[in-house]
Every structure is written in C-alpha cells, then in structure tokens.
Amino acid sequence: MPRTAFAAVGFHVPDRLVTNEELTTRMETTDAWIRERTGIRERRWVREGTENSDLALEATRKALATAGWQAKDIEAIVYASLSPDHMMPGDGCYLNAKLGIPGVPALDVRNQCSGFLYGLAVADAWIRIGMYRRILLVGSEIHSTGLDVSTRGRDVAVIFGDGAGAALLEATDEPGRGVLSCHLHADGRFAAELSCDAPGSKYHPRVTAEMIESGAIYPRMEGQKVFKNAVVRMPEVLREALDQNGLSPKDLKVVVPHQANLRIAQMVQRSLELRDDQVFNNIERYGNTTAASIPIALAEAVEARDVRRGDLVGLCAFGAGFTWASALVRW
Ligand code: UT7
C-alpha cells in the first residue's frame, strides 16, 4: 500500500499588512494587550476584490513551482476553508477553474482550524487505497471581510488574519516515508462556544438587517473556554499520534501547531516537554488563519528548521466545533 508524501508546500499572504497599532485606531485595544494575550504583532488582510480562491491559487502556484509539477499533474483537490467565496459552490470548484483543470474532482472541507488536518486524512486515505496518486490539499481563509472591527468585536477581530497554504501530496513506496497516521476528533456539544450564526439555512430569509445590526453575522467566541480546551486537546491528540506509532516527543524534528494563540502553542510545548527548536510558530506575523495556519507555518518551518528527508514532523490543531486533530509525517 503506498504512503502519502509531501512533495512541496507553498503559501501566499496578501500584501496588505495590518499592525496592532492600526487596529487601535478602529477599536479600544492596545498593542500591548494583543501581544501579551495572543503573541500577534501584525496580520495580513486582503484588499477589496481579492477572493479566497485567489489566495489558494497563488499558494498552489508556489507549491507547483517547488515540486516541479504542472497544474495538470493534480488528480484531485481537497480545499479546507470556513470562509469560501460564496455559500455555493465550494471553493474547490473555483480553484479547479482558476488552475484550468476541468474534470479534476474538488472536495470542500468545513472543519475550521482542524480543516487542513481533516483534509489531509481524506487525501491520505485516497492515496493509500490507490484512488489518486497526486493530490492538492489547500487551506485558505479570508477573515477580514467577516470581522466586527469595532470595540464590540475586539476579542475576535484582533486575532484573525487572511492567507493560504497549499500542499502537494503524492503516493510514495519509499520505506518509512510519508504520513504515518492522522487522528481526528469532534465534540459538537461545544459548537456554540465558537461559531457564526448567520447567514444560515435555519433562518428564512437566511440573513436580515436585524442580524447584521446585532452582529449575528460575525464570529463569536467564548475565548477562555476555547483556550482551556485547546491546551488540553492539542497535546493530547499529538500524544495519541506518537503512541500509535511507538514514538516519543524527543523523536520529533519539529511540531507545527495550529497558530491560534502563542500562549496555547507554548503550553503545548511545555506539556510535551519540547525544546524551542522543536516547535515552530509564526502567529506574530500572520495572526490566526484557521485552516491556512498549519500549511503556512509548515511551509516556513521546512525552510527555517531545515526539515529534511526522514525527519519526523508533528501537526496538531484545535478549533470551532470543537474539532481537533493531529498527524505525523516522516518527511
Ligand atoms: O483558532 C480557533 C481557536 N481559537 C482559540 O484557540 C482562541 C482561544 N482563546 C484565546 O486565545 C483568548 O481567550 C483570547 C485571546 C481570545 C482572549 O484572551 P483572554 O486572556 O482569555 O481575555 P478575556 O476574554 O478573558 O478578556 C479579558 C479582558 C476583558 O475585559 P474585562 O472584562 O476583564 O474588563 C475583555 O473585555 O480583556 C478585554 N478584551 C480586550 N481588551 C483589549 C478582550 N479583547 C480585547 C482587546 N483589546 N482586543
């Protein structure tokens, strides 16, 4: 049975840089509060007219160039996002068109911060059963058009950023190489702790002027509850992956945790007793880009930490749903 190797990872962020200082002009907040509570110094927000699938296209182009593949080499697209261009169809189809690969299947994944890892689990299963040999897995988000950038929404608005990451996955028969395992979890009892109420099909019409006025169109979060669950679930699910493979934290070259909050990543590090060089964070520059955060950070980590063939890479995520997930990859 083949395994799933990462042929290349690429990322793209918008050129518009939004500093904490800029946010202080739009809401009651301070650079110090944002840095101390989240670790974020700046994030990228799109200029008007940029679409989620545009970010994904740029990230994909970079990954294609690194791998030396052409778009026509892609046999399937898996697209993780909570912020698609439209309610329907999913962004996988828009990306398929922008890449010029009609007929190539496109699956959309709606698992928020865990979306990239849920997508990886699906792509990995497809490759293992021999259904496809080359898959494009994308995580892409535009948060900035859906945030309440005022004091009312400040707890959420300061956190989120826009961006996209793309991984090109291919079947390999090289012994020991590739995705070792993926681990997925969800607990819908906590759905309300981090959610966006409208537009929604439970409403008729799906969105009203009152919903816009009341802020029901913006994501809302019970920050502390999410935080407390994240710091337990992320190390737990990474340990689950290590245990299943008979490995230990010291075997890891690098862990790329979902970039939700620097303090969460630091607690994951402490819990697993990892050295600083074993954890890669870039939230200070991009904020939380949900489904895009792992592939963006992974693309940077591969360069910054000189990840080579045979190195063990750990990925873990936690987010809305609640959902949480991990994967181990022998690079
Ligand atoms: O990726 C998806 C998963 N998401 C996460 O994992 C996020 C998890 N949660 C968090 O990262 C943190 O809970 C936050 C960063 C969202 C908030 O940090 P916190 O330390 O939990 O703050 P808090 O919500 O307990 O709020 C503390 C205070 C409050 O004021 P009072 O009631 O103490 O007077 C807030 O109103 O900070 C206030 N506050 C702010 N002040 C300045 C909330 N947001 C801001 C802000 N600027 N942007």
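Order of appearance sets the numbers: ligands from 1, and atoms from 1 within every ligand. The structure presented is a predicted model; accordingly, all values stated were derived computationally and were not measured.
Asn52 and Ser140 form a side-chain donor-acceptor contact under 3.5 Å, judged by distance and modelled atom types alone.
Checked by atom type and distance alone, the side chain of Asn96 pairs as donor or acceptor with a backbone atom of Ile101 at under 3.5 Å. Using a distance-only test at 3.5 Å, with no hydrogens or angles considered, no donor-acceptor pair links the side chain of Arg35 to the main chain of Glu284.
Remark: Arg270 engages no residue in a salt bridge (charged side-chain N to carboxylate O under 4.0 Å, His left out) (not counting sequence neighbours). Residues that satisfy the salt bridge (charged side-chain N to carboxylate O under 4.0 Å, His left out) test with Arg220, not counting sequence neighbours, are Glu222.
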Just list the side-chain donor-acceptor pairs under 3.5 Å for residues 312-327, sequence neighbours left out, or say none.
residue: Thr323; atom: OG1; partner: Ser114; partner atom: OG; Å: 2.8
residue: Thr323; atom: OG1; partner: Ala320; partner atom: O; Å: 3.3
residue: Ser326; atom: OG; partner: Val237; partner atom: O; Å: 2.8

Below 3.5 Å only, please: the N or O atoms of ligand 1 paired with protein N or O atoms, distance on each line.
residue: ligand 1; atom: 1 (O); partner: His258; partner atom: NE2; Å: 2.9
residue: ligand 1; atom: 1 (O); partner: Asn288; partner atom: ND2; Å: 2.6
residue: ligand 1; atom: 9 (N); partner: Gly223; partner atom: O; Å: 3.0
residue: ligand 1; atom: 11 (O); partner: Asn261; partner atom: ND2; Å: 2.6
residue: ligand 1; atom: 13 (O); partner: Gly223; partner atom: O; Å: 3.1
residue: ligand 1; atom: 20 (O); partner: Arg37; partner atom: NH1; Å: 2.7
residue: ligand 1; atom: 20 (O); partner: Arg263; partner atom: NH2; Å: 3.4
residue: ligand 1; atom: 22 (O); partner: Arg37; partner atom: NH1; Å: 3.3
residue: ligand 1; atom: 25 (O); partner: Gln224; partner atom: NE2; Å: 2.5
residue: ligand 1; atom: 36 (O); partner: Arg154; partner atom: NH2; Å: 3.1
residue: ligand 1; atom: 37 (O); partner: Trp33; partner atom: NE1; Å: 3.2
residue: ligand 1; atom: 41 (N); partner: Trp33; partner atom: NE1; Å: 3.4
residue: ligand 1; atom: 47 (N); partner: Thr29; partner atom: OG1; Å: 2.6
residue: ligand 1; atom: 48 (N); partner: Thr29; partner atom: OG1; Å: 3.2
residue: ligand 1; atom: 48 (N); partner: Arg154; partner atom: O; Å: 3.2

